[in-house]
Novice: 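If you scroll down you'll find the structure; I have some questions about it.
Read the numbers this way: they start at 1 and go in the same order the structure lists the ligands and their atoms.
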Amino acid sequence: MSIAEYFSSMDYGPAPEDDKAARAWLAEHNARFGHFIGGAWSPFSDAASFETQEPANGRMLARIAQGSAADVDRAVSAARAAQPAWYRLGGHGRAKHLYALARMVQRHSRLFAVLESLDNGKPIRESRDIDIPLVARHLLYYAGWAQLQESEFPDWAPLGVVGQIVPWNFPLLMLAWKIAPALALGNCVVLKPAEFTPLTALLFAELADRAGLPKGVLNVVTGDGTTGAALVEHAGVDKIAFTGSTEVGRLIRKTTAGTGKSLTLELGGKSPFIVFDDADLDSAAEGVVDAIWFNQGQVCCAGSRLLVHEGIEQRFVDKLRRRMETLRVGTSLDKGIDIGAIIDPIQLERITTLVERGVEEGCAVWQPATLRLPKDGSYFPPTLITGVSPASVLAQEEIFGPVLVTMTFRTPDEAVALANHTRYGLAASVWTETIGRALDIAPRLASGVVWINATNLFDASVGFGGYRESGFGREGGREGAYEYLKPRAWTAFKPRTQTRAKVSVPAGGDETSSTSQAGHVAIDVAQGDGEGDLSLATRNVGTPLFIDRTAKLFIGGKQTRPDGGNSTVVLSPAGERLGEVGDGNRKDIRDAVAAARGAQKWANATPHNRSQVLFFLAENLAVRATEFARQLVERTGMSETDATAEVEHSIDRLFTYAAWADKFEGAIHQPPLRGVALAMNEPLGVIGIGCPDEQPLLSFISLLAPAIALGNRVVIVPSRACPLMATDFYQVIETSDVPPGVVNIVTGDPRTLVGVLASHDDVDAVWSFGDAGQSADVERASIGNLKRTFVDHGRELDWTTPDAEGLVFLRQASQVKNIWIPYGD
Ligand code: NDP
């Protein structure tokens, strides 16, 4: 068309971005790339390589080395060698490097943006105006935390060598989200970019080297999933940070179980976009465009489920259709397009198949009739699907394409229920002009990010990450810095020494023998060896006490007989019979979890209220301090002085968490927009806890108190050796206004019971202290619903020290939700 014709039709003409510089860089490398390890290119061999293509037209861009386990090993060694000096450089030294990297990205921003769009197929407008500026912002932001590291994180040390695996949807941005905090805080990195999009990571590594980044600090190994798996399995890696699919996240959790590797997972999502009838519908329609057609919908937090207030559904859907008719799909370097290419024919096929399944289910699929798609390459039109039921595959599966499904709701409660009706919990968007309604809904949504009257906003200062099966850990913000640090004191904890806990089990396990001494077989329980539990010699049991002590379980605020009707005799270190405790089983755990889930009101109680209850627990324990100390002496053989100190420490610890209950408050971020982001520390929900044998009262309180202080409910399995301290404590609980179901105590074999908690899909987190083998079991069993785990890997804490309280525990007891609130008319 001529200019005159465009002028009269007011249509867009092609506005191609210049790709000469990007193609020149590819040519400079002969379109062949080895890995970037130890500050140098590895030799390239065609035999062990794969192609990366332009999704916009399917043409080859370059050949890329397929990383082997040996390549990963070389990269890990390079990172290991570089790490001590990198850390010794100090916060200021590292801040200068991160600043240099940010400047390097800004200086080459157009080259990065073009290369990214070529390799990924995303519109240049997005890589130029969103991805690359955010990359620089992340590097600068964490340059700041490097500078402040010595003053702000004095008790924390870097982890060492970090393996980072990123997906193809935001290749360079995900690289920045991962490497910026890792490098800033003194770690060295081995990064594996996605097979589809390795180019910008390689360019970044090369330019970072030129910008003076010490060799080995950042290493890039390219390849497919097998290269990623080799990195995950490498024994020299201290942490894996992964972004990608929930399925692969699960695999990684399983592989790293019991290794002591730190882990963060940023996984999939099926985020709700909720429009109330009082929303500004024009803005909301524009919001939908950004929510689901940004990056072709290949966004983990894409607003892919539109939930509309019933009364406005038709009006809103009509508006959307009109807007969709104006969307332009085209090649990535055209500056005038809204939607680019799908990453690969495989992904295109996946989207197509899912949409076809929706059609089979009877959903109505709508696509703009006038839309023109480019002839070559992988393209999918913007798609709106109505008539979708909440159970439909389209409402539950992450489509990862430009496909929006809609459902309606009548009341705010129904909107919340629908929004949370997913296994994911990454992000949500709420549209209403009533601020009170928005702020009421936001905390009720199970997601790590909530945008009010906005969507897909990101900033380095605001943490990002999921609830539930969207993963754990945060990227961005101060919380993102902690993901690359470990508490210094914890590194000095020694593996637990072998202890022998005296208990007995009913011989044959029949009910009649369970309550009498006769027929019990005493066993020693080997602790801390990470192997099997019940073994060793049998022998006779001591004389019964005058008044039989048979502690029941404590479930839903009531003392309950164990389901199996069995008890376990508890022996003193000298082998005397101290009493019995119930032998809990799977069903008892199930009841306890149900009771804990039912005590949801505790999460909504005011922090002041929870604080008072913890103070009251301390007060009531203090009243019985002498008795508790006497029992500790009798049950553990510790000295009177140590026992008195343990009770005093326990009271002190309850005070500590009573204090924190209304002071662990979150933050207000000021990202670069007119608005704020509220970072709220929310409880996880139901936490299962296994207690160690050492300091049986204090360790029990030290684990229980932070969890309930922040609004969680717990199912707690006391120490195997000395469970009676915990069962005595439920009398303190009963007199301290703790609502029923907030604390549930199930005695029995911890390895079994904690294992049941770890595989229970209605438990949100499991803490396991006491045995390395149990730690590994818990991490392995947690993959079902990807619950968070906090384990000691068999290392023994001294629970009397300040290292056994405070921030480490409070962070584990909470998850940060960031609520973005833009303001202005
Ligand atoms: P994957 O989870 O497979 O890939 C993410 C990264 O992990 C890539 O670098 C990949 O390598 C690597 N990887 C794959 N398998 C393993 C493994 N066993 N061990 C270690 N690393 C591994 O996602 P896909 O790219 O295959 O996309 C599939 C689906 O995942 C999408 O349709 C979408 O639903 C979801 N997804 C979610 C993302 C998110 O941000 N939450 C991002 C991307 C995808 P490589 O791909 O190079 O072979």
Side-chain angles (χ1 to χ4, degrees), residues 50-53 55 64-67 69 72 119-120 122 163-171 173-175 177-178 190-199 201 220-234 237 240-256 261 263-271 294-302 304 342-354 378 380 393-394 396-403 422-427 447-449 456 458 464-466 468-473 475 783 786:
F50 58 91
E51 274 187 11
T52 184
Q53 295 161 351
I64 308 291
Q66 165 63 37
V72 168
D119 204 13
N120 171 280
K122 62 172 69 194
Q164 303 185 320
I165 301 171
V166 294
W168 42 260
N169 52 348
F170 294 92
L173 184 55
M174 291 302 104
L175 170 146
W177 279 25
K178 292 215 163 14
V190 178
L191 178 116
K192 191 203 86 70
E195 193 183 350
F196 292 144
T197 54
L199 292 176
V220 177
V221 180
T222 49
D224 62 11
T226 59
T227 314
L231 186 55
V232 171
E233 282 159 21
H234 198 290
V237 170
I240 293 291
F242 171 80
T243 298
S245 61
T246 295
E247 290 62 37
V248 174
R250 269 204 183 90
L251 271 178
I252 293 178
R253 167 70 294 180
K254 207 168 162 188
T255 310
T256 54
K261 284 189 179 108
L263 180 64
T264 47
L265 298 176
E266 202 271 89
L267 309 175
K270 191 76 190 175
S271 300
F294 167 55
N295 207 31
Q296 296 71 251
Q298 302 170 135
V299 182
C300 50
C301 52
S304 51
I342 301 297
I343 187 74
D344 189 81
I346 288 182
Q347 185 68 9
L348 186 64
E349 191 189 316
R350 189 169 178 271
I351 299 168
T352 311
T353 308
L354 277 167
S378 306
F380 197 87
V393 64
L394 292 180
Q396 293 300 325
E397 286 295 313
E398 187 179 37
I399 301 172
F400 229 64
V403 181
T422 162
R423 61 196 172 111
Y424 297 114
L426 197 50
S447 61
V449 181
N456 276 339
F458 308 99
F464 183 90
R468 311 204 284 198
E469 290 183 39
S470 290
F472 42 76
E475 301 192 290
I783 60 167
L786 280 169

Novice: Specify the protein heavy atom at minimum distance from atom 1 (P) of ligand 1: its residue, its atom name, and the distance to 0.1 Å.
Specialist: Ser245 OG, 3.6 Å
Novice: With sequence neighbours excluded, what pairs up with Thr256 under the side chain to side chain donor-acceptor pair (under 3.5 Å) test?
Specialist: Arg253
Novice: Quick one: look at Phe242 and ligand 1, take heavy-atom pairs under 4.0 Å, and tell me if it's side chain, backbone, both or neither.
Specialist: side chain
Novice: Quick check on contacts: which atoms of ligand 1 are under 4.0 angstrom from a heavy atom of Gly228?
Specialist: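 Ligand 1 atoms under the 4.0 Å threshold to Gly228: 19 (N), 20 (C), 21 (N).
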Novice: Who are the salt bridge (charged side-chain N to carboxylate O under 4.0 Å, His left out) partners of Lys270, not counting sequence neighbours?
Specialist: none
Novice: Given the rule in the side-chain contact (heavy atoms from CB on, under 4.5 Å) test, do Phe380 and Val403 qualify, once you have shown the distances and angles that lead to the verdict?
Specialist: CA-CA 9 Å; Phe380 197 87; Val403 181; 3.8 Å; yes
Novice: If you measure from OG1 on Thr352 to CD1 on Ile342, what distance do you get to the nearest 0.5 Å?
Specialist: 8.5 Å
Novice: Of all the atoms in ligand 1, which lie at a distance below 4.0 Å from a heavy atom belonging to Glu398?
Specialist: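 Listed by number with element: 33 (C), 34 (O), 35 (C).
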Novice: Where the closest heavy atom to atom 46 (O) of ligand 1 is concerned, which of Glu195, Arg350, Glu247 has it?
Specialist: Glu195
Novice: Do any non-hydrogen protein atoms sit less than 4.0 Å from atom 21 (N) of ligand 1?
Specialist: yes
Novice: So which atom in Pro55 and which in Asp119 form the shortest heavy-atom distance, rounded to 0.1 Å?
Specialist: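 The pair with the smallest heavy-atom distance is CD-O, 3.4 Å.
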Novice: Hey, is Gly471 one of the residues with a heavy atom under 4.0 angstrom from ligand 1?
Specialist: no
Novice: How far is atom 18 (N) of ligand 1 from its nearest protein heavy atom, and which residue and atom name does that atom have?
Specialist: Leu251 CD1, 3.9 Å
Novice: Mind listing the closest non-hydrogen atom pair of Glu469 and Arg250 along with its distance?
Specialist: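 Scanning both residues completely, I find the closest heavy atoms to be OE1-NH2, 2.7 Å.
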Novice: Before giving the answer on side-chain contact (heavy atoms from CB on, under 4.5 Å), spell out for Ile343 and Ser378 the whole-Å C-alpha distance, their side-chain angles and the decisive distance to 0.1 Å.
Specialist: CA-CA 7 Å; Ile343 187 74; Ser378 306; over 6 Å; no
Novice: Name the closest protein heavy atom to atom 43 (C) of ligand 1, giving the residue it belongs to and the distance to 0.1 Å.
Specialist: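 Looking only at protein heavy atoms, the one closest to atom 43 (C) of ligand 1 is Pro167 CB, 3.4 Å.
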Novice: Can you name the nearest heavy-atom pair linking Gly268 to Tyr424, along with the distance?
Specialist: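 Gly268 and Tyr424 have their closest heavy atoms at O-CD2, 3.4 Å.
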Novice: To check you understand the geometry: which heavy-atom pair defines the closest contact between Gln164 and Leu231, and what is its length?
Specialist: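 Heavy-atom minimum between the residues: N-CD2, 3.9 Å.
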Novice: Please identify which of these residues, Ile346, Ile351, Thr353, meets the side-chain contact (heavy atoms from CB on, under 4.5 Å) condition with Glu349.
Specialist: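 When side-chain contact (heavy atoms from CB on, under 4.5 Å) is applied between Glu349 and each of Ile346, Ile351, Thr353, only Thr353 qualifies.
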Novice: Nearest protein heavy-atom contact for atom 12 (C) of ligand 1: which residue, which atom, what distance?
Specialist: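 Among all protein heavy atoms, the one nearest atom 12 (C) of ligand 1 is Ile165 CG2, 3.7 Å.
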Novice: Does Leu267 reach ligand 1 with a nitrogen or oxygen that is under 3.5 Å from one of the ligand's nitrogen or oxygen atoms?
Specialist: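 Yes, since at least one N or O of Leu267 sits under 3.5 Å from an N or O of ligand 1.
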Novice: For ligand 1, which atoms, with element, lie under 4.0 Å from some heavy atom of Gln347?
Specialist: 32 (O)
Novice: Tell me whether Thr243 has any N or O atom under 3.5 angstrom from an N or O of ligand 1.
Specialist: no
Novice: Are any of the side-chain heavy atoms of Ile165 and Val232 separated by less than 4.5 Å?
Specialist: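 Touching, per the 4.5 Å side-chain cut-off.
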Novice: What is the closest protein heavy atom to atom 19 (N) of ligand 1, and at what distance does it sit?
Specialist: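 Ranking protein heavy atoms by distance from atom 19 (N) of ligand 1, first comes Ala229 N, 3.4 Å.
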Novice: Side chain or backbone, does Gly225 bring an N or O within less than 3.5 Å of an N or O on ligand 1?
Specialist: yes
Novice: Protein heavy atom under 4.0 angstrom of atom 4 (O) of ligand 1, is there one?
Specialist: no
Novice: Side chain, backbone, both or neither: which part of Val248 comes within less than 4.0 Å of ligand 1 when only heavy atoms are counted?
Specialist: side chain
Novice: What protein heavy atom is closest to atom 33 (C) of ligand 1, reported as residue, atom name and distance in Å?
Specialist: Phe400 CG, 3.4 Å
Novice: Which ligand 1 atoms, with their elements, are less than 4.0 angstrom from a heavy-atom of Asn169?
Specialist: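 That gives atoms 40 (O), 42 (C) of ligand 1.
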Novice: Which heavy-atom pair separates Asn120 from Trp168 by the least distance, and what is that distance?
Specialist: ND2-O, 2.6 Å
Novice: What is the nearest protein non-hydrogen atom to atom 27 (O) of ligand 1, stated with its residue, atom name and distance?
Specialist: Trp168 NE1, 3.8 Å
Novice: Using the side-chain contact (heavy atoms from CB on, under 4.5 Å) rule, take Ile64 and Leu199 through it: C-alpha gap first, then chi angles, then the decisive distance, then the call.
Specialist: CA-CA 9 Å; Ile64 308 291; Leu199 292 176; 3.9 Å; yes
Novice: Against ligand 1, does Phe170 come closer than 4.0 Å with any heavy atom?
Specialist: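 Outside the 4.0 Å threshold, so no.
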Novice: Before you tell me yes or no, could you show the steps for Gln66 and Thr227 under side-chain hydrogen bond (donor to acceptor under 3.5 Å, both in side chains), namely the whole-Å CA-CA distance, both residues' side-chain angles and the distance that decides it to 0.1 Å?
Specialist: CA-CA 8 Å; Gln66 165 63 37; Thr227 314; 3.0 Å; yes
Novice: Mark up the atoms of ligand 1 that fall under 4.0 Å of a heavy atom belonging to Gly268, in ascending order.
Specialist: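 Those qualifying, in numeric order: 41 (N).
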Novice: Would Phe294 and Phe170 satisfy ring pair (Phe, Tyr, Trp, His ring centres under 6.0 Å), going step by step from the backbone distance to the final call?
Specialist: CA-CA 11 Å; Phe294 167 55; Phe170 294 92; 5.7 Å; yes
Novice: Starting from atom 10 (C) of ligand 1, locate the nearest protein heavy atom and write down its residue, its atom name and how far away it is, to 0.1 Å.
Specialist: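 I find the closest protein heavy atom is Lys192 NZ, 4.0 Å.
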Novice: By number and element, which atoms of ligand 1 are closer than 4.0 Å to a non-hydrogen atom of Gly223?
Specialist: 47 (O)
Novice: Would you mind running through ligand 1 and noting each atom that sits below 4.0 Å from a heavy atom of Val166?
Specialist: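 This gives 6 (C), 8 (C), 9 (O) as the contact atoms.
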Novice: Any nitrogen or oxygen of Cys300, main chain or side chain, under 3.5 Å from a nitrogen or oxygen of ligand 1?
Specialist: no
